[in-house]
Amino acid sequence: MSIIVTISSLIIPAIMMFIVLYGLIKKCNVYDEFVKGATEGLPTVIKVMPTLIGLMVAVGVLRASGFMEFVGTWIGKFTNPIGFPGELMPVTIVKIFSSSAATGMVMDIFKEYGPDSYLGKVTSIMMSCTETIFYTMSVYFITAKVSKTRWTLAGAFLTTLVGTAASILLARVI
């Protein structure tokens, strides 16, 4: 296990070192290219910022008002029999909008039920099997100036449903 931890802690620095060394071998001014790329990315950040702020405020308001817990309790009546506890419904809904807000909710679940509990396992697996749909769509589509999303939203919801189902099945096995 310690070998895996060591390797995982070295991967990012190794990739960064590889990029720098490759740039030097190709006689490329790596720092100037980095600064140029960062400068070109700044307008994108500015264009996306209002959408991100709106998403974060909306999630914060829904969470602080207790609406998420209400929805989780109500939907839990239907999902509990299939093995998906209602306590996880708020995390599932919030994850669709904001991964960082969902991570805060995951920490609350860990504190209350423990990371090795069934709820902790389902939540952990679900967080890695699902995507922040609206965040990702807003960032990428605004940046690429895509106006017709076609089946993206339906496909994203389907993959979230499949990822959530997989988290339930995998947590039962573990």
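Counting from 1, the numbers follow the sequence of the chain as shown.
Smallest separation of non-hydrogen atoms from F110 and S124: CZ-OG, 3.2 Å. Closest approach of K121 to I174, counting heavy atoms only: NZ-O, 3.3 Å. L119 and P85 get closest at one heavy-atom pair: CD2-CG, 3.1 Å. Nearest approach of S99 to K95, heavy atoms of both residues: OG-NZ, 3.6 Å. Contact record, S9 with P13: O-CD, 3.6 Å, taken as the closest heavy-atom pair. The two residues V94 and A101 have their closest heavy-atom pair at CG1-CB, 3.6 Å.
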Show the numbers, then the answer: is there a side chain to side chain contact (heavy atoms under 4.5 Å, CB included) between I93 and V71? CA-CA 9 Å; I93 294 169; V71 169; 3.6 Å; yes
Step by step, would you call K145 with K47 a side chain to side chain contact (heavy atoms under 4.5 Å, CB included)? CA-CA 11 Å; K145 297 181 180 129; K47 282 195 300 193; 4.0 Å; yes
Begin from the C-alpha positions of W74 and M89 and carry the test side chain to side chain contact (heavy atoms under 4.5 Å, CB included) through to its verdict. CA-CA 9 Å; W74 187 79; M89 191 52 66; over 6 Å; no
Please walk me through it: do Y22 and M17 pass side chain to side chain contact (heavy atoms under 4.5 Å, CB included)? CA-CA 8 Å; Y22 184 78; M17 187 62 75; over 6 Å; no
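Inter-residue side-chain proximity for F141 and T152 is flagged as met; some heavy-atom pair is nearer than 4.5 Å. Side-chain contact between V20 and M16 is absent, with no heavy-atom pair separated by less than 4.5 Å. When side chains are defined from C-beta on, I109 does not count as touching E87, because their heavy atoms never get closer than 4.5 Å. For the pair V91/M127, a side-chain contact is recorded, criterion being any heavy-atom separation below 4.5 Å from C-beta on.
Atoms CE and OG1, on M105 and T92 in that order, are 9.0 Å from each other to the nearest 0.5 Å. Taking CG of N80 as the start and CG of L88 as the end, the distance is 9.5 Å to the nearest 0.5 Å. L24 contributes atom CG, which lies 9.0 Å from atom CG of N29 (distance to the nearest 0.5 angstrom). Remark: T160 OG1 to I133 CD1 distance equals 3.5 Å, nearest 0.5 Å. How far CD1 of I11 is from OG1 of T6: 11.0 Å, rounded to the nearest 0.5 Å.
In this structure, L21 is not a member of the same hydrophobic cluster as F34, with clusters built from ILVMFWY side-chain heavy atoms closer than 4.5 Å. Under the 4.5 Å side-chain contact rule for hydrophobic residues, Y113 and V106 share a cluster. I168 and L158 fall into different hydrophobic clusters, defined by Ile, Leu, Val, Met, Phe, Trp and Tyr side-chain heavy atoms under 4.5 Å apart, directly or through other members. Y140 and M49 fall into different hydrophobic clusters, where Ile, Leu, Val, Met, Phe, Trp and Tyr side chains are chained together by heavy-atom contacts under 4.5 Å. V61 and I53 fall within the same hydrophobic cluster, where Ile, Leu, Val, Met, Phe, Trp and Tyr residues are linked whenever their side-chain heavy atoms come under 4.5 Å apart, directly or through other members.
Ring geometry, F134 versus F97: the interplanar angle falls under 30°, so the pair is classed parallel (tilted spans 30 to 60°). Ring geometry for F67 versus F70: interplanar angle of 30 to 60°, hence tilted.
For the side chain to side chain contact (heavy atoms under 4.5 Å, CB included) with T130, the qualifying choice from V162, L161, T164 is T164, the only one to do so.
D108 pairs by the salt bridge (charged side-chain N to carboxylate O under 4.0 Å, His left out) definition with R63, not counting sequence neighbours.
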